[in-house]
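For reference, the structure discussed in these notes is given below.
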Amino acid sequence: MTLTHLQRLEAESIHIMREVVSEAEKPVMLYSIGKDSAVMLHLAKKAFYPSPPPFPLLHVDTTWKFQEMYALRERSAEEAGMELLVHQNPEAQELGINPFDHGPLHTDMWKTQGLKQALDKYGFDAAFGGARRDEEKSRAKERIFSFRTSTHGWDPKAQRPELWNLYNAKKKKGESIRVFPLSNWTELDIWQYIHLENIEIVPLYFSAVRPTFEYEGGLFMADDIDRLEKVMGRRPEITERSIRFRTLGCFPLTGAVESEAATLPEIIQEMLLTTTSERQGRVIDKDGGDASMEKKKQEGYF
Amino acid sequence: MTDPIYQTDALITEDIDAYLEKHQHKTMLRFITCGSVDDGKSTLIGRLLYDSKMIFEDQLAALENDSKRVGTQGQDIDFALLVDGLAAEREQGITIDVAYRFFSTESRKFIVADCPGHEQYTRNMVTGASTADLACILIDARKGVLVQTKRHSFLCHQLGIKNLVLAVNKMDLIDYDQAKYDAIIADYRAFAESIGIEGFTAIPISGLAGDNITSKSDNTAWYDGPTLMDHLESVEVRLDENMARPFRMPVQWVNRPNLDFRGFSGLIASGRVKPGDTVRSLPSGKTSTVKSVVTMAGDLDEAVAGQSVTITLDDEIDCSRGDVLAAADSPPEVADQFESTLVWMDEAPLVVGRAYWMKLGTQMVSVTVSEPKYEINVNTMQHLAAKTLNLNSIGVSEITTDRQIVFEPYTENRALGGFILIDKISNRTVGAGMLHFSLRRAQNVHWQAVDITRDDHAAMKNQKPRVLWFTGLSGSGKSTIANEVEKKLAIMNRHTFLLDGDNVRHGLNKDLGFTESDRIENIRRIGEVAKLMTDAGLIVLTAFISPFRADRQLVRDMMGEGEFIEIHVDTPLDVAEARDVKGLYRKAREGKLKNFTGIDSPYEEPEDPEIRVNTVSMSPEEAADHIISQILPLK
């Protein structure tokens with residue numbers, strides 16, 4: 001019997017999660033409701049079965065997620081028997097930070113600052129994230145256990161060597177670890193696994209006729225038209241199109257693609273035939289030029 | 001430039017379900033690429049990604065753009081730009097850290113560790129090699145076998161990689177000359193045999209031109225071996241070898257959702273396991289029978305090496321994280337002293353005798369490392385005498401653990417023979433090692449099972465054994481106060497013993513001087529003696545400067561929970577120097593006494609001692625009373 005690549009990836013991710021639970025004091029799983037989070041949560045259930053995963057889920061909310069994402073969030077946490085913590089940066093709330101008026105500040109305040117606030121508030125010392133090494137160039141060198149200073153800074157020179165499957169989780173008080181159990185998965189692995197394990201994902205990944213509008217050359221979905229009108233200062237022109245999303249974030253930041261792929265095999269088929277990479281639909285990598293993700297990481301973005 | 005041969009699979013468009021079915025059964029191979037700075041590693045990896053269609057159009061557009069702007073290949077695509085990640089590295093045009101890349105073909109998924117070739121980055125190479133099934137060593141055909149080639153091959157061999165590929169790159173630049181190629185292979189073979197490498201596969205390639213990467217090159221008609229990709233797709237995965245070995249599973253976590261379920265979760269390191277198998281829990285040696293192999297998808301009939309499972313047993317045996325479940329009839333060894341290869345990975349050199357954490361499997365123990373038997377010059381493979389190991393050096397040392405651990409030689413089982421060392425103060429991963437074998441001393445000295453236990457000894461004396469560890473500057477009043485405390489305890493009918501410089505330095509430790517290693521050994525011995533005395537039920541008082549935190553921590557780790565009480569006799573330097581009872585400060589100031597604590601050697605104050613006494617505001621008697629009040633009750 002030879003294990004398949006998916007069986008090996010699964011076993012590795014489970015091993016990583018059990019190590020964290022054994023060695024960290026207060027772990028948490030960051031849950032963004034996307035497909036990678038769905039796989040990570042599924043693996044957590046497997047890792048500790050028949051116990052429920054012994055840590056809560058944390059959603060760092062920007063208030064700008066798609067409605068269908070919020071619905072799945074509640075359901076998934078309940079089915080897993082896990083506590084769901086939702087954090088919204090009160091400062092961003094008060095200032096009315098939104099993706100239209102504030103550009104990069106939107107990501108910084110809601111996500112980067114919001115995450116730091118939430119980790120400090122609950123005193124979590126280890127946080128699972130669903131990032132993969134194949135997503136972006138600077139991620140390829142990221143460790144599975146990534147150390148952050150007490151101010152959540154990331155210093156590429158101070159990362160610890162990781163040999164075999166021996167992770168060093170020792171840290172000083174106040175320091176924390178981001179742990180990436182999906183480091184060695186690729187986008188195709190994620191989709192194949194979702195298909196194989198029948199994992200529930202947000203319906204927005206599947207094609208359907210949805211209300212859309214164009215903005216700065218991209219195609220977006222009008223998830224909450226009244227709210228959009230308020231921040232955009234005009235009511236966008238809505239066209240019904242058959243669209244889906246390859247990646248999910250805040251609805252005004254996540255570009256849709258026109259597609260007819262309505263089943264998982266069709267999605268995978270489309271992905272394999274498509275010629276643009278996954279993150280292209282996201283605006284985030286473009287600010288700050290070439291090394292933008294690396295810069296964000298040093299500032300504390302996941 | 002050749003066209004990519006891994007074109008879109010026709011099945012994707014025609015029958016996606018059939019395609020998925022096929023791709024769900026792929027295996028996985030992890031390998032590393034290593035070579036010298038300009039051997040073309042990044043170019044080769046970029047080429048593998050490109051040829052296996054792992055590059056999307058937008059990335060390709062960016063790549064073409066970058067190639068023209070900062071590339072080194074004129075108007076052609078610079079594949080190296082695909083894989084050079086961190087901003088700092090791009091500026092320098094070199095890779096300085098291990099990067100992991102992914103690509104897949106119809107039959108396999110590959111994880112490539114891109115390892116830098118620089119001399120100072122042995123650490124990164126060893127890291128990349130630790131998880132690899134295969135190593136691809138690049139040689140620049142114009143330069144042949146270099147010192148770095150030898151170093152990389154040696155390190156891969158040390159890390160137990162049996163599949164070595166010698167990729168002779170840049171064949172286009174030597175006009176695909178077979179004679180030159182053959183000479184390089186002969187040269188390499190001689191070297192490989194000299195260090196015990198049993199075999200390797202040599203392939204003439206050009207990463208830039210694409211020769212023998214995914215398709216056979218017409219330029220090397222004289223070569224009849226596989227292409228690099230063919231070889232990567234067909235070589236045996238190490239995990240499969242492990243399945244044939246006896247069952248071992250380091251326990252990671254005890255799964256106890258309720259009173260009716262108690263499972264042991266772990267990643268199976270080797271062998272197979274099924275319900276009904278007799279297993280032994282180590283180091284305790286207790287046996288039981290496997291009741292079930294639990295997963296969320298249902299109980300398994302059998303699980304194999306590489307799977308993460310939860311095992312339940314028929315009996316309630318004591319087993320927890322750090323223990324190893326193993327085949328009952330062929331269990332691994334248990335020992336506390338080993339010979340080991342050690343690779344040093346930290347800027348601060350190894351301190352012989354200092355306590356480090358060792359993580360091996362799921363076991364975390366305190367260890368000390370002896371003076372290296374030798375260091376290995378990775379360029380010449382010569383054995384050199386060494387007092388310590390510095391960053392990126394590799395040597396052989398004896399390692400002593402503070403308790404018995406379950407292990408196997410690294411060559412037999414990476415999971416139970418490979419370990420990392422962690423600095424107890426900085427928490428950095430400072431070293432990695434591979435156990436060779438246990439030392440006879442440890443094997444033959446079996447713990448004598450005694451009928452009178454340490455609890456019995458303590459109960460007879462009607463007290464809880466403890467170590468009162470007085471630390472402070474010379475002249476701070478440690479001995480005076482310790483003496484006061486002992487007198488008071490004697491009046492209270494307690495059984496005590498005071499260890500100080502006078503009764504230790506003149507006898508037990510008279511062979512030790514004042515070098516750093518000797519000072520550590522001095523403290524270690526005092527710790528061991530104190531430990532024996534606590535086993536005998538005594539309250540032990542020690543009065544030594546013991547200036548270094550790490551050394552005090554070492555002793556603390558030897559003792560049972562709550563038995564080590566650190567007492568900081570806190571006297572400012574100027575006060576201690578003004579007292580100068582023994583005239584030592586004067587001598588130190590005059591330069592007649594070297595390495596004197598407080599003068600030309602540091603005193604590391606305890607950060608969080610159990611007790612602190614201030615000798616400026618308290619008399620010795622008051623200090624002693626305060627200490628006694630803090631350690632009550634004595635039972």
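Quick note on labels: first sequence line is chain A, next is B, and so on, each numbered from 1.
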Applying side chain to side chain donor-acceptor pair (under 3.5 Å), name anything that partners B:R414, two or more places apart in sequence or on another chain.
-> none
Ranked by heavy-atom pairs below 4.5 Å to chain A, first place among B:H25, B:Q307, B:R321 goes to B:R321
Got more than 12 heavy atoms from elsewhere within 6.0 Å of NZ, B:K274?
-> no
Check: B:Q252 main-chain N/O paired with A:S22 side-chain donor or acceptor under 3.5 Å = yes
Please determine, among A:L188, A:L264, A:I268, the option with the most heavy-atom pairs under 4.5 Å with chain B.
-> A:I268
Whatever's closer than 4.5 Å to a heavy atom in chain A on B:R272 counts as side chain
Heavy-atom donor-acceptor pair, B:N255 side chain to A:F48 backbone, under 3.5 Å = yes
Contacting moiety of B:L421, where chain A heavy atoms sit under 4.5 Å = neither
To the nearest 0.5 angstrom, please state how far the OG atom of A:S183 sits from the CZ atom of B:F102.
-> 7.5 Å
Below 4.5 Å, heavy atoms only, C-beta onward: do B:V294 and A:Y49 meet side chain to side chain?
-> yes
Might you point out which heavy atoms bring A:A11 and B:G306 nearest each other, and give the distance in Å?
-> CB-O, 2.9 Å
Hey, which residues of residues 165-172 of chain A are touching chain B, say heavy atoms under 4.5 Å apart?
-> A:N165, A:L166, A:Y167, A:N168, A:K170, A:K171, A:K172
What residues, two or more places apart in sequence or in another chain, satisfy side chain to side chain donor-acceptor pair (under 3.5 Å) together with B:D133?
-> none
OH/B:Y100 to CZ/A:R133 distance, rounded to the nearest 0.5 angstrom?
-> 5.5 Å
When the 4.5 angstrom heavy-atom criterion is applied to B:V126 and chain A, the contacting part is both
Between A:W164 and B:L159, is any pair of side-chain heavy atoms under 4.5 Å apart?
-> yes
Using a cut-off of 6.0 Å, state whether more than 12 heavy atoms not belonging to A:E25 lie near its atom CD.
-> no
Reported CD-to-OH distance for the pair A:Q192 and B:Y19, which is rounded to 0.5 angstrom | 7.0 Å
A:E19 side chain reached by B:T362 side chain, heavy atoms, under 4.5 Å = yes
Can you say whether A:P52 sits under 4.5 Å from chain B via the side chain, the backbone, both, or neither, judging by heavy atoms?
-> neither
Any idea which heavy atoms bring B:S308 and A:I14 closest together, and the distance?
-> CB-CG2, 3.6 Å
Considering all heavy atoms, the nearest B:T127-A:P161 contact = OG1-CB, 3.7 Å
Donor-acceptor contact present, side-chain A:R8 to main-chain B:M28, <3.5 Å | yes
Within a strict 4.5 Å, meaning less than it, do heavy atoms of the A:Q269 and B:L20 side chains meet?
-> no
Heavy-atom distance under 4.5 Å between the side chains of A:L196 and B:Q24, does that happen here?
-> yes
Any B:H23 side-chain heavy atom under 4.5 Å of A:H5 side chain | no
Within-4.5 Å side-chain heavy-atom neighbours: B:T27 and A:T4 = no
Taking every heavy-atom pair that is under 4.5 Å apart, which of B:R256, B:R108, B:M364 has the most such pairs with chain A?
-> B:M364
B:N258 atom CG, over 12 foreign heavy atoms within 6.0 Å | yes
Report the option among B:W357, B:F419, B:F261, B:W253 that has the most heavy-atom pairs separated by less than 4.5 Å from atoms of chain A.
-> B:W253
Return yes if some donor-acceptor pair links the side-chain N/O of A:R160 with the main-chain N/O of B:N427 below 3.5 Å, else return no.
-> yes
Heavy-atom distance under 4.5 Å to chain A: side chain of B:I111, backbone, both or neither?
-> side chain
Any side-chain heavy-atom pair of A:T186 and B:K109 under 4.5 Å = yes
Measure distances from A:E197 to the heavy atoms of chain B and classify the residue's part below 4.5 Å as side chain, backbone, both or neither.
-> neither
Could you tell me whether B:K359 and A:E162 make a salt bridge, using a distance below 4.0 angstrom between a side-chain N and a carboxylate O?
-> no
Output for pair (A:N184 CG, B:R30 CZ), nearest 0.5 Å, gives 5.0 Å
Part of B:A415 within contact of chain A (heavy atom distance under 4.5 Å) = neither
Closest-packed option against chain A by number of heavy-atom pairs under 4.5 Å, given B:V430, B:T131, B:V309 | B:V309
Considering residues at least two apart in sequence or located in another chain, which fulfil the side chain to side chain donor-acceptor pair (under 3.5 Å) criterion with A:T263?
-> none
